[in-house]
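What follows is a set of notes on a single structure, which appears directly below.
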Protein chains: 2
Amino acid sequence: MAASTQSRPRGSGRGRRVTIADIAERAGVTSAAVSLAVNGRPGVSDATRARIMDIARELQWEPSPAARALAGAPVLTVGMVLARPAEVLGTEAFFGAFVAGLQEVLSRHDYSLQMKIVDSTEAEIATYRRWLAQRRVDGVIVVDLRQDDPRIPALEDLALPALVVGGPGHHGSLPSVYVDDAHATRLLVDHLAERGHRRIARVAGNEDFLHILLRDRAFTSRCEELGVAPVVQNAGFGAHGAEVATAALLAREDAPTALIFDSDEMALAGCHVLEESGRRIPQDVAVASYEDSALTLTHRPPITAIGRSAIEYGRVAANRLLEVVAAADAPRGTSQEARVIEPSLIVRDSTAQAPEPWSGRGGTPA
Amino acid sequence: MAASTQSRPRGSGRGRRVTIADIAERAGVTSAAVSLAVNGRPGVSDATRARIMDIARELQWEPSPAARALAGAPVLTVGMVLARPAEVLGTEAFFGAFVAGLQEVLSRHDYSLQMKIVDSTEAEIATYRRWLAQRRVDGVIVVDLRQDDPRIPALEDLALPALVVGGPGHHGSLPSVYVDDAHATRLLVDHLAERGHRRIARVAGNEDFLHILLRDRAFTSRCEELGVAPVVQNAGFGAHGAEVATAALLAREDAPTALIFDSDEMALAGCHVLEESGRRIPQDVAVASYEDSALTLTHRPPITAIGRSAIEYGRVAANRLLEVVAAADAPRGTSQEARVIEPSLIVRDSTAQAPEPWSGRGGTPA
DNA sequence: CTGAAAGCGCTTACAG
DNA sequence: CTGAAAGCGCTTACAG
């Protein structure tokens with residue numbers, strides 16, 4: 001190893017680190033001048049600023065985040081607390097993609113994302129409180145929004161810049177970004193109705209989450225508007241729930257001719273049940289998913305899905321959070337507003353065909 | 001909002017924060033004594049320590065990470081740089097699960113994970129250098145190990161505690177954790193050979209990565225030991241590559257009777273091609289995957305897979321990294337060693353059956 | 001076991 | 001535009 005073997009200061013780092021004092025000495029100015037110069041603030045002449053910058057580069061100076069934070073500057077970190085077990089997060093395609101999108105934007109702005117996994121909503125709120133007291137983060141991003149979520153009043157009280165992912169509604173006075181699930185629902189229902197389906201079922205995920213609830217409502221009301229018979233089958237989350245739910249739907253006398261699943265994982269699981277039962281997709285049953293992914297694309301037939309890219313969702317959330325954090329320093333601005341992501345429908349073969357006429361084994365003809 | 005509207009110190013936080021000076025004053029000791037007490041270090045009597053702790057709790061004191069870091073204490077953060085676009089990361093099931101496993105362990109130890117996405121290996125190395133200079137992290141975790149990886153010598157030089165995920169070999173003098181891919185390969189090949197397969201193909205991912213290369217080698221040599229004809233079909237990563245590769249294999253005169261895929265995503269894509277071509281799994285072709293997931297389990301038939309849980313891999317890596325970081329403070333210990341994760345084989349229906357006798361359309365009979 | 005002090009590397013008023 | 005200083009909240013020697 002090329003590193004010096006003599007004992008170095010605690011932690012790490014080879015030799016003494018370069019500080020603004022070193023730069024100041026070389027430049028023949030005070031460290032305050034250096035601070036102003038490197039932070040692009042007025043107070044030094046252009047000539048001195050240039051000289052200082054050159055020396056900083058030459059000395060390979062890097063600012064100390066700790067010193068900056070201690071002196072009151074932003075810590076350039078945002079936090080996200082997850083009150084779900086690693087097992088659940090790890091198996092959900094949405095999580096990885098969302099985080100990747102967040103990271104991409106945050107990294108570009110020299111921000112980092114601090115994540116923490118806890119096991120209850122109370123622990124989540126306690127973490128926000130602690131992060132604020134420690135000045136560990138400049139803001140937080142709140143996910144998995146629920147109806148009447150206790151985190152919202154807690155955060156409103158805390159004066160910690162926060163962005164809620166989810167809505168509309170139920171995010172109190174906090175800024176939010178969300179995908180318009182009602183619109184997505186209408187896209188799906190309209191598409192299936194157009195294809196001639198008159199009995200459409202929704203295989204619904206965990207209804208604790210607000211967006212699931214919003215889909216339920218939009219689904220029922222849109223079906224009714226179109227004179228279509230809506231069925232909502234609760235499935236909890238995950239593949240297994242979707243299998244059971246699909247089987248239950250198939251067993252009905254008036255079995256639906258089209259199924260909409262809340263996630264790509266659920267859709268796949270449902271498809272397998274359909275195939276096993278001998279149904280063909282889309283000839284016997286049409287299938288669509290609220291979540292697009294490599295899986296929906298790869299499946300045979302490829303599955304019609306809502307093009308809400310989780311990566312893009314992450315990017316939008318990160319950009320919005322950075323705005324919110326920046327606004328927190330400024331005089332109270334108009335940062336409360338929500339931002340909506342408009343979903344699109346990607347039509348694929350799984351809904352390519354009209355349902356075959358029902359050969360009278362019960363159920364109301366449309 | 002209940003928060004005070006009067007101007008508060010820059011950043012955030014309501015009112016003046018509680019410091020060890022406040023505790024010291026209340027307890028009638030110096031702040032040094034408080035520091036010793038709250039950090040569980042000797043130097044204060046048990047009685048004073050207890051009194052100090054009580055007051056700290058009462059005042060809801062939280063240590064300032066910035067002040068601690070500036071004073072030389074560990075920053076309680078580890079870093080991970082990813083030199084892959086968010087798009088790729090986001091669609092890979094492994095990433096989310098691995099991160100979830102890392103986070104679970106790190107969170108429990110009050111460590112946080114700092115991630116950064118860059119677009120080249122050079123940028124990755126530059127990031128390590130910068131993080132070290134800034135004292136931003138206590139250590140880093142290196143993923144996506146390649147043959148003769150330039151990051152290894154760079155990190156050996158940098159005296160930044162680092163854990164390599166990958167191996168064996170090619171991690172230089174750095175500690176490493178890895179899944180024994182050679183062993184996994186033998187498990188798969190042996191299983192298929194036992195089932196009577198004599199023409200086995202490996203649909204291989206991106207061979208830039210060391211673990212893919214190690215699988216290739218182990219695959220060929222094990223097949224030869226067992227008198228089985230090995231075929232390695234390069235597919236790059238992702239679903240599309242796997243489809244093309246599978247189709248190519250099926251087109252061969254001596255088409256294999258068993259296919260091993262490098263990931264669950266690839267396996268699913270391959271299965272769809274098989275199904276489209278009219279092949280039945282496992283009657284006509286057996287399928288196995290190096291990566292287990294909800295998808296391999298949900299598929300019909302369920303797919304035989306290596307039980308290398310990405311979440312568990314993340315947990316092991318996190319624990320090992322924490323050891324490495326702790327060892328960096330201590331006199332140079334024996335932290336260079338590698339730690340191996342032993343994979344297991346989960347047999348499912350996709351390999352349930354012996355291949356049907358080859359009705360003489362070419363190829364060498366076994 | 002306890003006290004008084006220096007120092008970590010910045011930023012931010014406040015004088016000149 | 002520039003200088004001298006205080007302060008952020010800790011930890012760590014170093015004396016008593």
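All chains are named by letter (A, B, ...) in the order of the sequence lines, taking the proteins before the strands, and each is independently numbered beginning at 1.
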**Fill in**
Taking C/dG9, D/dG9, C/dT2 as options, the one with an atom nearest any side-chain atom of B/Thr48 is C/dT2
**Message:** C/dG9, OP1 or OP2 - any side-chain N/O from B/Arg135 closer than 4.0 Å?
**Reply:** no
**Asked** What nucleotide, of C/dT12, C/dC10, C/dA4, holds the atom closest to the side chain of A/Ile20?
**Response** C/dC10
**Message:** Students often get this wrong, so: under 4.0 angstrom with heavy atoms, is A/Ala32 touching a base, only sugar-phosphate, or nothing?
**Reply:** base
**OP1 or OP2 of C/dT11 under 4.0 Å from side-chain N/O of A/Ser35** = yes
**Request:** To the nearest 0.5 angstrom, please state how far the CZ atom of B/Arg151 sits from the CG atom of B/Leu145.
**Result:** 6.5 Å
**Asked** Between B/Arg57 and B/Asp54, is the closest basic N to carboxylate O distance under 4.0 Å?
**Response** yes
**Intra- and inter-strand pairs of DNA chain C in dot-bracket (Watson-Crick or G-U wobble, both distances under 3.5 Å; | for another strand)** = |||.||||||||.|||
**Prompt:** Reckon B/Pro42 touches a base, only the sugar-phosphate, or nothing at all at heavy-atom distances under 4.0 Å?
**Reply:** nothing
Mind listing the side-chain donor-acceptor pairs of residues 64-71 of chain A below 3.5 Å, one per line with the distance, residues two or more places apart or on another chain?
unit_1	atom_1	unit_2	atom_2	d
A/Ser64	OG	A/Ala66	N	3.4
A/Ser64	OG	A/Ala67	N	3.0
A/Arg68	NH2	A/Asn39	OD1	3.0

**Request:** Please determine, by modelled atom types, if A/Ser173 and A/Glu156 share a side-chain donor-acceptor pair under 3.5 angstrom.
**Result:** yes
**Message:** Does B/Glu58, at its CD atom, have more than 12 non-hydrogen atoms belonging to other residues, nucleotides or ligands within less than 6.0 Å?
**Reply:** yes
**Message:** Using a heavy-atom cut-off of 4.0 Å across all strands, would you classify A/Gln134 as base, sugar-phosphate, or nothing?
**Reply:** nothing
**Asked** Please give, in whole Å, the distance from C/dG7 P to B/Leu70 CG?
**Response** 13 Å
**Prompt:** Any side-chain N or O of B/Arg17 less than 4.0 Å from the OP1 or OP2 oxygen of D/dC8?
**Reply:** no
**Asked** Counting side-chain heavy atoms from CB outward, which of D/dA4, D/dC10, C/dT2 is closest to B/Ser45?
**Response** C/dT2
